Asker: 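To start, I am sharing the structure in question, which I have written as structure tokens.
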Amino acid sequence: MADFEIPVLNEIPVVPTPKPGATAHLKSFPATKQHQEPLGYPGELVDNWQTKAIEVMGELLGKYRSLPVFLDSCVKCGSCADKCHYFLGTGDPKNMPVARQDLFRSVYRKHFTPAGKLLGDLVGAREMTRELLDDWYNYFHQCSQCRRCSVFCPYGIDTAEISMAAREIMDRIGLGQKYCNEIIGKVYSVGNNLGLPLKALNNTLEGLEEDIEEDTGHPIKFPVDVHGAEVLLVTPSADFFAEPHIDGLIGYGKVFHQAGISWTLSSKATEAANFAMFIGSYENMVKISRRIRDAAIELGVKRIVFGECGHAWRVAYSFLNTLAGPWDFLDPRYPVPQHICEFSNDLIKRGAVRLDKSANDHMTLTFHDSCNVARGSRMGDFEGGQLVIPRELIKASCGKFVDMHPDTIGEKSFCCGGGGGLLTDDLIELRVKGAQPRMEALKQVVENDGVTHMASICAICKAQFTKVLPYYGMEMGMIVSVHQLVSNAILLGSND
Amino acid sequence: MSILFAVLFYAATIVLVAGLGLKVAQYVRVPAPLKIPTTPAPLTQGGAAFRVAREVVIFESLFKSNKWLWAMAVMFHFGLVLVLIRHVRYFIEPVPMVITLMQPFGIYGGLLMIIGLFMLLGRRLVLPRIRYITGPSDLLMLVLLIGIGCSGALMVNFVHTDIIGVKAFFLGLMTFNWQKLPADPLLYVHLALVAALMLVFPFSKLLHVPGIFFSPTRNQVDDARERRHLAPWAAKYEANKTMP
């Protein structure tokens with residue numbers, strides 16, 4: 001099935017001995033001119049790329065406090081070294097977070113610190129050579145920006161910040177990554193990551209409405225561009241046709257219907273994800289975020305709710321107020337934006353939506369905490385709500401729930417292996433190997449507790465697991481949307 | 001020799017204070033434009049301050065990560081704190097009661113610190129993945145600290161130095177009323193290494209000391225939806241639509 005070795009799933013996790021160069025051959029396709037230019041980046045590597053790279057690094061050092069603090073503070077204690085799923089799955093030492101940062105730090109030392117200028121090698125300072133740039137390209141595209149290392153760092157150093165800065169620098173000297181930049185281009189030209197045109201979307205939604213009515217006897221609607229609706233729903237475009245994403249979308253529709261809350265999608269914002277975060281581009285993040293603001297104003301909605309999408313939720317929860325706020329024209333009684341899990345869980349707790357758990361009796365669930373939700377956002381009005389609320393929702397929909405090993409969930413959750421702009425087929429070896437720690441924890445609860453399904457609230461996690469589960473001898477259908485469970489269990493019709 | 005050490009310590013103090021001052025000024029000046037606390041994060045300012053305090057005092061994240069490494073780090077850092085408290089008596093007169101009472105603990109602290117440092121050094125040499133990330137400066141830093149610790153411990157326990165004279169020398173430096181430094185090779189070694197540590201402090205990984213207080217993933221409050229967070233350069237960008 002694969003021309004590479006599938007990692008072994010152990011009963012007790014094993015930290016690999018470093019195997020230098022193990023993933024040096026894993027290079028995602030670089031962007032071409034047509035992917036670079038719509039984002040405002042040079043089409044190919046510029047002539048004076050070294051000077052330019054140092055110049056951009058200097059600019060970023062003056063804009064993001066995280067950079068000088070993180071670059072100066074690391075003591076090389078190695079606390080992070082065995083925490084990255086890509087290191088655990090591949091053994092390549094440059095996938096240890098500290099070593100990944102050092103690719104960047106060495107250039108910082110050389111050009112921006114007195115010690116590096118004076119002492120060079122002794123303090124790990126290096127010139128930005130072509131060889132090092134190639135390492136940058138390979139290894140900063142082997143980081144899913146999942147922030148797991150930052151949980152364990154005694155100084156809170158977040159490798160994601162470094163890899164975002166590195167990608168920004170590479171974009172600006174003309175060495176972008178095809179996957180991310182092509183997708184951002186599609187958001188600008190078509191409106192969503194998948195390049196799904198509005199006509200196709202309308203057809204899909206109409207078909208969906210017919211199918212659900214046939215199935216349930218209830219007229220569940222998926223409205224687009226309805227002026228004056230209460231809620232604007234912004235959801236990842238994968239929800240419109242990928243499996244199991246679409247089953248989640250059906251769940252959202254049923255919840256809105258049953259709660260009697262009017263809602264709409266916007267043809268201007270048919271995508272929740274903001275891939276500009278992956279490339280660390282503030283400008284592009286603003287541009288993508290403003291679509292949502294424009295849509296909300298145009299449709300005159302009172303609330304904004306985001307569908308199940310991990311990275312989208314980090315940008316939405318943590319950055320949207322900064323990038324596209326203030327949101328003072330929306331209903332002040334609700335946080336802006338809200339997560340669909342917060343929204344549904346609240347309705348269920350208040351009895352506005354009722355569930356019959358027995359509909360999911362054929363499943364035993366576990367929950368995969370998506371990294372950007374767990375470590376980069378919140379839900380609800382209490383610390384850690386992003387870990388509690390999805391679980392409450394699952395338990396309200398399903399009788400049997402088992403958590404995976406505590407070192408692999410919550411803030412310590414392992415990335416699915418496909419986040420941060422790596423969900424591309426040219427990186428399939430990395431994706432399969434990077435999923436190893438999660439697969440190991442999953443296999444444990446499958447064997448010991450009879451878990452049959454794993455729920456997730458992230459479009460990338462769902463797509464990634466669908467693809468990699470078979471490599472580990474598990475069914476791709478094991479991965480389900482949280483709102484798919486709600487959809488199965490919801491009692492439609494009179495609430496009496 | 002006394003003049004040499006006097007000049008050395010004045011220079012080291014200036015470099016330490018000015019170097020750290022400039023670094024802190026940089027950390028203060030550069031904004032954190034986005035809300036990036038590693039969540040779950042505290043919802044209040046007080047909560048965030050308490051989180052930073054836990055990192056500084058009990059190394060909370062390191063404890064989550066690796067109990068062995070945490071134990072070694074605690075031995076070294078707590079030992080060092082006790083040693084530093086013990087040393088206060090060489091710089092003030094009269095010596096406060098607390099400092100006098102702390103003297104014996106300072107000696108145990110010194111031993112604890114040296115053992116911790118040797119364990120940290122051994123770990124760097126033995127564990128393959130830690131050896132991979134260890135550079136020459138990481139080893140030199142440990143050797144420097146071990147040198148300081150051992151020379152100090154030798155003077156306390158075996159080859160006593162003229163401590164009254166040392167105190168007079170430093171009080172003299174502080175009041176610009178210069179005194180002779182006792183002629184003792186071990187003391188010279190100890191003091192030269194300490195001055196070297198002060199000199200490299202603002203240019204090395206010892207910047208983790210101020211760094212932790214400015215780490216956005218630890219010191220930010222989780223209130224992104226409630227309060228709009230906008231850096232000055234981001235506000236300019238919003239107003240002018242061109243990136244400053």
Side-chain angles (χ1 to χ4, degrees), chain A residues 15 17-18 61-66 68-70 72-83 93 96 98-99 102 113-115 121-124 147 150-158 161 282-283 286 317-319 321-322 325-326 335-336 374-378 382-384 386-387 411, chain B residues 23 26-27 29-36 38-43 47 55 59-62 64-66 69 73 123 127-130 132-138 140 200 203-208 211-212 214-219 222 224-231 233-234 237-238 243:
Chain A
V15 179
T17 310
L61 284 164
K63 278 185 171 168
Y64 294 87
R65 180 182 296 159
S66 52
V69 170
F70 292 170
D72 286 337
S73 297
C74 177
V75 301
K76 317 288 167 83
C77 70
S79 171
C80 61
D82 56 348
K83 303 301 185 286
M96 294 190 287
V98 45
D102 276 353
T113 68
D121 274 352
L122 183 72
V123 294
R147 314 191 88 204
S150 86
V151 170
F152 298 100
C153 174
Y155 318 108
I157 298 172
D158 180 6
E161 290 291 305
Y282 194 92
E283 284 173 279
V286 167
Y317 174 86
S318 293
F319 306 160
N321 204 359
T322 299
V336 183
R375 292 185 282 264
S377 76
R378 176 163 53 98
F382 60 99
E383 190 177 329
Q386 73 274 28
L387 312 176
E411 67 170 356
Chain B
K23 263 295 163 194
Q26 182 196 9
Y27 297 159
R29 190 178 65 241
V30 179
L34 292 165
K35 279 285 191 175
I36 57 166
T38 307
T39 59
L43 309 191
E55 291 293 1
F59 310 163
E60 185 180 42
S61 296
L62 195 60
K64 268 184 211 168
S65 169
N66 185 327
L69 177 57
R123 178 174 172 274
L127 280 182
R129 66 171 181 277
I130 307 302
Y132 181 89
I133 57 170
T134 297
S137 58
D138 300 308
L140 282 175
V200 300
F203 309 104
S204 66
K205 64 179 184 178
L206 299 181
L207 285 172
H208 68 277
I212 176 66
F214 291 92
S215 178
T217 60
R218 293 294 181 269
N219 71 12
D222 174 11
R225 287 193 292 195
E226 290 75 29
R227 233 178 289 278
R228 186 157 191 238
H229 177 87
L230 199 64
W233 65 258
Y237 173 62
E238 195 170 285
M243 196 49 95

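Just so you know, these numbers come straight off a predicted model, no measurement behind them. Side chains are part of it too, since the values below use all heavy atoms of this structure and drop only hydrogens, waters and symmetry mates.
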Asker: Against chain A, label B:N66 side chain, backbone, both or neither, depending on which of its atoms sit under 4.5 Å from a heavy atom there.
Answerer: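 Nothing of B:N66, per the 4.5 Å heavy-atom cut-off to chain A.
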Asker: Less than 4.5 Å to any heavy atom of chain B: does that hold for the side chain of A:V336, its backbone, both, or neither?
Answerer: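 Interface part for A:V336: backbone (N, CA, C, O).
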Asker: Only pairs of heavy atoms separated by less than 4.5 Å count here; which of B:G211, B:S215, B:A32 has the most with chain A?
Answerer: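 Looking at each of B:G211, B:S215, B:A32 in turn, B:S215 comes out on top.
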Asker: When you check the side-chain N and O atoms of B:T217 and A:R147, is any donor under 3.5 Å from an acceptor?
Answerer: no
Asker: Does the side chain of A:N321 reach to within under 4.5 Å of the side chain of B:R225, using non-hydrogen atoms?
Answerer: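 The answer is no, as the side chains (C-beta and beyond) never meet within the 4.5 Å cut-off.
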Asker: Please answer whether the main-chain N or O of B:S61 pairs with a side-chain N or O of B:S65 as donor and acceptor at a distance below 3.5 Å.
Answerer: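 Such a contact is absent between B:S65 side chain and B:S61 backbone.
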Asker: Look up atom OH in A:Y282 and atom OH in A:Y64, then write down how far apart they are to the nearest 0.5 Å.
Answerer: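 Answer for the OH-OH pair, A:Y282 versus A:Y64, is 7.5 Å.
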Asker: Among B:D222, B:I130, B:L62, which residue forms the greatest number of heavy-atom pairs with chain A at distances under 4.5 Å?
Answerer: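 The candidate making the most pairs under 4.5 Å is B:D222.
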Asker: Taking the side chain from B:R228 and the backbone from A:T322, do they hold a donor-acceptor pair closer than 3.5 Å?
Answerer: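 Present.
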Asker: Between chain B and each of A:L61, A:V98, A:V151, count heavy-atom pairs under 4.5 Å; write down the option with the most.
Answerer: A:V151
Asker: Can you tell which of B:W233, B:Y237, B:F203 has the highest number of heavy-atom pairs within less than 4.5 Å of chain A?
Answerer: B:W233
Asker: Do A:F319 and B:H229 have side chains that approach each other closer than 4.5 Å (heavy atoms only, starting at C-beta)?
Answerer: no
Asker: Under a 3.5 Å distance rule, please check whether A:S318 uses its side chain to pair with a backbone N or O of A:G376 as donor and acceptor.
Answerer: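 Yes; at least one donor-acceptor contact below 3.5 Å.
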Asker: Of the backbone (N, CA, C, O) and the side chain (C-beta and beyond), which part of A:P18 lies under 4.5 Å from a heavy atom of chain B, both, or neither?
Answerer: side chain
Asker: Among B:G135, B:A234, B:A224, single out the residue with the greatest number of heavy-atom pairs under 4.5 Å to chain A.
Answerer: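 The candidate making the most pairs under 4.5 Å is B:A224.
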Asker: Going by side-chain contact (heavy atoms from CB on, under 4.5 Å), A:I157 matches just one of A:S66, A:C74, A:S150. Which one?
Answerer: A:C74
Asker: Side chains of A:Y155 and A:D72: any donor to acceptor distance under 3.5 Å?
Answerer: no
Asker: Working to the nearest 0.5 angstrom, can you tell me the gap between A:C80 SG and A:M96 CE?
Answerer: 8.0 Å
Asker: When only pairs under 4.5 Å are counted, which of A:R378, A:E411, A:E161 shares the most heavy-atom pairs with chain B?
Answerer: A:R378
Asker: Of the listed residues (A:D82, A:D102, A:T17), which shares the most heavy-atom pairs with chain B below a 4.5 Å separation?
Answerer: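 Of the candidates given, the most pairs with chain B belong to A:D82.
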Asker: Which bit of A:F382 is near chain B, if near means a heavy-atom gap under 4.5 Å: side chain, backbone, both or neither?
Answerer: backbone
Asker: Could you tell me which portion of B:I133 (side chain, backbone, both or neither) has an atom closer than 4.5 angstrom to a non-hydrogen atom of chain A?
Answerer: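 Both backbone and side chain of B:I133 come within 4.5 Å of chain A.
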Asker: Given that the side chain runs from C-beta out, which part of B:L140 has a heavy atom under 4.5 Å from chain A: side chain, backbone, both or neither?
Answerer: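 For B:L140, the side chain is the part near chain A, not the backbone.
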Asker: Give, as side chain, backbone, both or neither, the part of A:Q386 having an atom under 4.5 angstrom from any heavy atom of chain B.
Answerer: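 For A:Q386, the contact with chain B is made by the side chain alone.
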Asker: Given heavy-atom pairs under 4.5 angstrom as the criterion, report whether the side chain, backbone, both or neither of A:P114 touches chain B.
Answerer: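 Only the side chain of A:P114 comes within 4.5 Å of chain B.
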Asker: Measure distances from B:R218 to the heavy atoms of chain A and classify the residue's part below 4.5 Å as side chain, backbone, both or neither.
Answerer: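 For B:R218, the contact with chain A is made by the side chain alone.
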Asker: Going from CG on B:D138 to NZ on B:K205, what distance comes out if it is rounded to the nearest 0.5 angstrom?
Answerer: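 If I round to the nearest 0.5 Å, the distance is 3.5 Å.
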Asker: What part of B:E238 lies closer than 4.5 angstrom to a heavy atom of chain A: side chain, backbone, both or neither?
Answerer: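 Contact with chain A is through the side chain of B:E238 alone.
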Asker: How far does OG1 of B:T38 sit from CG of A:D158, to the nearest 0.5 angstrom?
Answerer: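 So the OG1 of B:T38 and the CG of A:D158 are separated by 5.5 Å.
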Asker: Contact part of B:F214 toward chain A, heavy-atom cut-off under 4.5 Å: side chain, backbone, both or neither?
Answerer: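 When you check distances to chain A, atoms from both the backbone and side chain of B:F214 fall under 4.5 Å.
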Asker: Quick one: of B:I36, B:L69, B:L206, who has the most non-hydrogen atom pairs under 4.5 Å with chain A?
Answerer: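 Ranked by contacts with chain A, first place is B:I36.
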Asker: Against chain B, work out which of A:S377, A:A81, A:G384 has the most heavy-atom pairs shorter than 4.5 Å and name it.
Answerer: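 Among the listed options, the one with the most contacts to chain B is A:S377.
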Asker: So, taking the atom named OH in B:Y27 and the one named CG in B:L207, what distance separates them when rounded to the nearest 0.5 Å?
Answerer: 4.5 Å
Asker: Could you look at B:Y132 and say if it's the side chain, the backbone, both or neither that has a heavy atom under 4.5 Å from chain A?
Answerer: side chain
Asker: Just verifying a value: how many Å separate B:R227 CZ and B:K35 NZ, rounded to the nearest 0.5 Å?
Answerer: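 Rounded to the nearest 0.5 Å, the CZ-NZ separation comes to 8.0 Å.
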Asker: Which bit of B:A41 comes within less than 4.5 Å of chain A, counting heavy atoms only: side chain, backbone, both or neither?
Answerer: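 Backbone of B:A41 only, per the 4.5 Å heavy-atom cut-off to chain A.
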Asker: For A:T113, which atoms come within 4.5 Å of any heavy atom of chain B: side chain, backbone, both, or neither?
Answerer: neither
Asker: Report which part of A:L387 has an atom under 4.5 Å of a heavy atom belonging to chain B: side chain, backbone, both, or neither.
Answerer: side chain
Asker: Tell me, out of B:P33, B:G47, B:S204, B:A231, who's got the most heavy-atom pairs with chain A below 4.5 Å.
Answerer: B:P33
Asker: Using heavy-atom distances under 4.5 Å, tell me whether B:R123 contacts chain A through its side chain, its backbone, both, or neither.
Answerer: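 Contact with chain A: side chain only.
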